[in-house]
Amino acid sequence: MDEKKSVEEYMAELKDIVMLETSLCRQEKTLKAYADYTYVPQAPPQYRNRASLGMISLSVTWVLFDIFAYFMKYTKVSVGASIFTAALIIFFIALQRRGIKANQKLLAEYEEYSRTYELVKLLEEPNRRARRILESLYAKSAVYERYRNLNAVCAIYDYLESGRASDIYGSESVYRLYDKEMQKGNIPDKSREIESNITSAEQIPEYCREIECLIDDIEKRNQIIKQEGKDNV
């Protein structure tokens, strides 16, 4: 850890880390809520009502038989064949409508899934970018590896901000305080407190823009700090 850093400088770095860790936690909860939409959508097969085709063939056969019976003067047979043929045609129409309705429902579900899938996929790039920036911030701040997690950085930042700890080095450092509180079981699980604000997939594009704005702000601040450091050299 760079011993030249003041508590104020360290807190500024931690603040950005805390915001990114919180954002990533919220993103993970959003992705978990839409875990069923992470599989690449597969278009349903082309609709073919094979049963209806069979019924058409059977109906045509009975119509021909009915015509034959009529011309052969088989009146009773003709009437029976006509009734049976009409019943077959009605059954065929009902079967066809049922098949069309089932296919329309399948297509509607596919379109809805595809739309939601594309919205959820929008989170991929902001998520990758946020993780990449977080890794660079951790490396620059040199937070000890064992403390590189949401609960630890949130607690450490809170101790420094509230004044419970005023140093980041030595026997009375903020890390010693964190370890003591950890042993007592007093470290809150921040992931349980963080909720995803996404109640509909339609909100995801706006949510992605918010994440991008957060990352842009963090990058701009760090560029300014980096430039000021070069100027002071």
Side-chain angles (χ1 to χ4, degrees), residues 1 10-42 109-162 164-165 168 174-175 177-179 181-223 225:
M1 185 178 293
Y10 191 67
M11 285 182 65
E13 293 177 345
L14 271 182
K15 185 176 181 180
D16 287 343
I17 290 173
V18 167
M19 286 192 294
L20 276 178
E21 283 281 16
T22 302
S23 176
L24 283 168
C25 180
R26 189 171 284 113
Q27 290 175 49
E28 290 300 323
K29 291 198 172 187
T30 299
L31 289 171
K32 186 176 180 181
Y34 289 95
D36 293 337
Y37 294 89
T38 56
Y39 301 100
V40 178
Q42 299 291 330
E109 290 175 350
Y110 165 72
E111 290 172 359
E112 174 63 25
Y113 178 90
S114 297
R115 183 167 58 254
T116 305
Y117 170 82
E118 292 300 328
L119 290 172
V120 174
K121 196 175 179 182
L122 291 176
L123 278 167
E124 290 183 0
E125 181 55 32
N127 187 271
R128 282 195 293 266
R129 189 180 173 200
R131 291 187 182 281
R132 187 169 62 248
I133 299 300
L134 180 62
E135 288 177 5
S136 67
L137 290 179
Y138 270 132
K140 185 180 67 173
S141 67
V143 174
Y144 296 128
E145 189 171 347
R146 61 177 291 195
Y147 301 102
R148 294 181 181 182
N149 60 77
L150 175 66
N151 291 340
V153 293
C154 284
I156 290 169
Y157 181 79
D158 180 64
Y159 297 154
L160 292 170
E161 186 181 43
S162 64
R164 289 188 62 187
I168 52 177
V174 68
Y175 292 104
L177 175 58
Y178 174 84
D179 289 339
E181 293 297 299
M182 186 70 176
Q183 291 175 357
K184 295 177 182 178
N186 293 335
I187 304 299
D189 186 353
K190 285 293 181 180
S191 64
R192 292 188 177 183
E193 300 175 12
I194 297 171
E195 297 294 335
S196 171
N197 297 325
I198 307 299
T199 57
S200 169
E202 304 298 329
Q203 296 173 263
I204 291 178
E206 179 61 29
Y207 180 45
C208 289
R209 285 191 287 271
E210 292 176 2
I211 297 170
E212 293 287 357
C213 286
L214 171 63
I215 297 173
D216 287 343
D217 289 342
I218 290 173
E219 284 190 316
K220 287 177 182 177
R221 281 198 299 273
N222 282 277
Q223 285 294 331
I225 294 171

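Being a predicted model, the structure only gives us computed values, none of them experimental.
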Considering non-hydrogen atoms only, spot the tightest contact between Y138 and E21 and give its length. OH-OE2, 2.6 Å
Considering non-hydrogen atoms only, spot the tightest contact between Y34 and A201 and give its length. OH-N, 2.9 Å
Answer yes or no: is there a side-chain heavy-atom contact under 4.5 Å between M19 and D217? no
Side chain to side chain contact (heavy atoms under 4.5 Å, CB included) for E161 and K15? Distances and angles first, verdict last. CA-CA 10 Å; E161 186 181 43; K15 185 176 181 180; over 6 Å; no
Looking only at side-chain N and O atoms, does Q27 offer a donor or acceptor that is under 3.5 Å from a partner on S23? yes
For P126 against I215, the heavy-atom pair lying closest together: O-CD1, 3.8 Å
Chi angles and distances behind the side chain to side chain contact (heavy atoms under 4.5 Å, CB included) call for I133, D16: CA-CA 10 Å; I133 299 300; D16 287 343; over 6 Å; no
When rounded to the nearest 0.5 Å, the distance separating OG1 of T30 from CD1 of I204 is 7.0 Å
Side chain to side chain contact (heavy atoms under 4.5 Å, CB included) between R129 and D216, intermediate numbers included: CA-CA 10 Å; R129 189 180 173 200; D216 287 343; 2.6 Å; yes
Donor-acceptor contact below 3.5 Å, side chain K29 vs main chain S191: yes
Please check if the side chain of D158 supplies one atom and the backbone of C154 the other of a donor-acceptor pair under 3.5 Å. no
Measure across R26 and S196 and return the closest heavy-atom pair with its distance rounded to 0.1 Å. CG-CA, 3.9 Å
Do E135 and R148 make a side-chain contact, defined as non-hydrogen atoms from C-beta onward lying under 4.5 Å apart? no
Looking at every heavy atom in both D36 and Y113, which two are closest together, and how far apart are they? O-CE1, 3.2 Å
Are the charged groups of R209 and E212 less than 4.0 angstrom apart, N to O? no
Flag the pair D179 / Y147 as yes when at least one side-chain heavy-atom distance between them is below 4.5 Å, and no otherwise. yes
For a salt bridge (charged side-chain N to carboxylate O under 4.0 Å, His left out) check, start with the C-alpha distance between E28 and R131, then their side-chain angles and the critical distance, and finish with the verdict. CA-CA 12 Å; E28 290 300 323; R131 291 187 182 281; 2.6 Å; yes
Do L14 and V143 come within less than 4.5 Å of each other through their side chains, counting heavy atoms only? yes
Any side-chain heavy-atom pair of E193 and K190 under 4.5 Å: yes
Would one find more than 12 heavy atoms of other residues, nucleotides or ligands at under 6.0 Å from atom CZ of R128? yes
Out of curiosity, Y117 OH to L122 CG, how far, rounded to the nearest 0.5 Å? 11.0 Å
Worked check of side chain to side chain contact (heavy atoms under 4.5 Å, CB included) between L119 and Y37: CA-CA 9 Å; L119 290 172; Y37 294 89; over 6 Å; no
Hey, could you give me the CG/OH distance between L123 and Y207, rounded to the nearest 0.5 Å? 7.0 Å
Quick one: side-chain hydrogen bond (donor to acceptor under 3.5 Å, both in side chains) partners of N151, sequence neighbours excluded? none
T199: which residues meet the side-chain hydrogen bond (donor to acceptor under 3.5 Å, both in side chains) condition with it, sequence neighbours left out? Q203
Separation between CD1 of I194 and SG of C25, rounded to the nearest 0.5 Å: 4.0 Å
With a 4.5 Å limit on heavy-atom distance, are the side chains of I156 and I168 in contact? no
